[in-house]
Amino acid sequence: NVGKSCLFNGLTGMRQETRNAPGTTIEMRQGRWRGAGATVLDLPGTYSLLAKSPDEQVAVDALAGRLAGHVDLAVVLLDSTSLARSLYLLGQVAQTGTPAVGVLTMCDVARDEQREVDAEALADVVGVPIVALDPRRSSGGLAAVVADALVEQPRVAGLAHRHDASELPTDGNLDSRLTQAEELFAWVAQVRAQMGEETNRLEPTRSDAIDRVLLHPWVGIPVFGALMWLLFQLATSVAAPVMEWAEGLVSGPVSGWVSALLGALGAGGGMLEGLLVDGILAGVGVVLSFAPLMAIMFLAISILDDSGYLARAAFVADRAMRSI
């Protein structure tokens, strides 16, 4: 949920679905990035290379070369508002020995929250190129950085190459994985310290305050149910009159005008009128009647998406949906 598929679309000209909620990309997509002369893979989002779900396993398998062959370079998107979590994934990629570059996203949100990250300073600390950009608007010179990286094969500084990507998702026994995790956490803390970022919890943001309500087990589920009920009402009580009006417009006045025109031309009452009025216009009327419903639902879902609620709804409904 950091703009990965949005960036992929901008680089390749494809139309991979984007949404402000996790779990949108559930399979690997491939496109051609002419600006860098490279084939780009859009992988399902993950916070770790220790996969917990089938879609995360797709990302792990692709990085390990089990799906698309050898990966020459990993472009890891880093959420400026949650840098520590993103750095953990970058560190895991580094431990596989895979060359990497970083892309800082959510910079506008980080700026508003007064936690903006200096891309050049971060690049100096981690040892790989870091580009700050807004995936919705431009690639921000990423093509030149990737082209250089494909030649120079940059690797993250401060972390040992512990295993090959082909060995993912596990690395030996549990003790080995715990040691690896401790090393990663220490590296993330070191990077944050060198960046001058406090390692203690920052002041709660407005989003944190909203989460305390909408994600609360006793409040979040009733709110989710109320919004789903409201969507149902929009699809029935609100949309039904508009749907009837749209269908009546075609089956009434429009059909009458066509019949009158055919009568004036001397072609009324025959097969042509039956085809046009009883066939084409009747079918168009049924299809057209659903247009208001679709418009209302797409508008409602877009509002929920842009407000950030769909991401919270996915979290609230996750346990129930998994059981289904």
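Position 1 is the first residue of the sequence, and the numbers go up from there. Keep in mind it's a predicted model, so treat the numbers as computed, not measured. Because only heavy atoms are used, hydrogens play no part in the values below, and waters and symmetry mates are left out as well, while side chains stay in.
- Transitive grouping of hydrophobic side chains (ILVMFWY, heavy atoms separated by less than 4.5 Å) keeps Val242 and Ile301 in distinct clusters.
- Think of Trp218 as one node in a network of Ile, Leu, Val, Met, Phe, Trp and Tyr side chains linked at under 4.5 Å; it has no links at all.
- The backbone N or O of Ala157 lies less than 3.5 Å from a partner atom in the side chain of Trp187, making a donor-acceptor pair.
- For the pair Ser48 and Gln92, the minimum side-chain heavy-atom distance is below 4.5 Å.
- Residues meeting the ring-ring contact (aromatic ring centres under 6.0 Å, His included) test with Tyr88, sequence neighbours left out: Phe185.
- Listed by chain and residue number, nothing satisfies the salt bridge (charged side-chain N to carboxylate O under 4.0 Å, His left out) test with Arg32 (two or more places apart in sequence, or in another chain).
- By the 6.0 Å and 45° rule, Arg85 stacks over the aromatic ring of Tyr47.
- Remark: side-chain polar atoms of Thr96 are paired, donor with acceptor, to backbone N or O of Val93 under 3.5 angstrom.
- One N or O on the side chain of Arg155 and one on the backbone of Gly97 form a donor-acceptor pair closer than 3.5 Å.
- A 4.5 Å side-chain heavy-atom check between Val117 and Ile130 finds every atom pair outside the cut-off.
- Within the 4.5 Å cutoff, side-chain heavy atoms of Val103 are placed close to those of Leu142.
- Residues passing the side chain to side chain donor-acceptor pair (under 3.5 Å) test with Asp318 are Arg322, sequence neighbours excluded.
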For a quick test of your reading: what N or O donor-acceptor pairs under 3.5 Å do the side chains of residues 225-239 make, sequence neighbours left out?
from   : atom 1 : to     : atom 2 : distance (Å)
Gln233 : OE1    : Ser237 : OG     : 3.1
Thr236 : OG1    : Phe232 : O      : 2.8
Thr236 : OG1    : Gln233 : O      : 3.4

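- Between atom CG of residue Asp118 and atom CG of residue Asp124 there is a gap of 8.5 Å, rounded to the nearest 0.5 Å.
- Put simply, the side chain of Leu122 reaches to within 4.5 Å of the side chain of Leu83, judged on heavy atoms.
- Taking CG of Asp42 as the reference point, atom OG1 of Thr12 lies at 8.0 Å (rounded to 0.5 Å).
- In this structure, Asp79 CG and Thr81 OG1 are separated by 3.0 Å, a value rounded to the nearest 0.5 Å.
- Gln95 has its side chain within reach of Leu184: a pair of non-hydrogen atoms, C-beta onward, lies under 4.5 Å apart.
- Ser80 places a side-chain N or O within donor-acceptor distance of the main-chain N or O of Thr105, the cut-off being under 3.5 Å.
- Ile210 places a side-chain heavy atom less than 4.5 Å from the side chain of Arg312.
- Rounding to the nearest 0.5 Å places CE of Met195 at 9.0 Å from CG of Leu87.
- The side-chain heavy atoms of Trp33 and Thr39, taken from C-beta on, include no pair separated by under 4.5 Å.
- The two atoms that bring Leu49 and Val60 nearest to each other are O-CG2, 3.4 Å, heavy atoms only.
- Residues in residues 111-131 take part in no ring pair (Phe, Tyr, Trp, His ring centres under 6.0 Å) pair, two or more places apart or across chains.
- Here CD of Gln153 is found 7.0 Å from CG of Leu73. Values are rounded to the nearest 0.5 Å.
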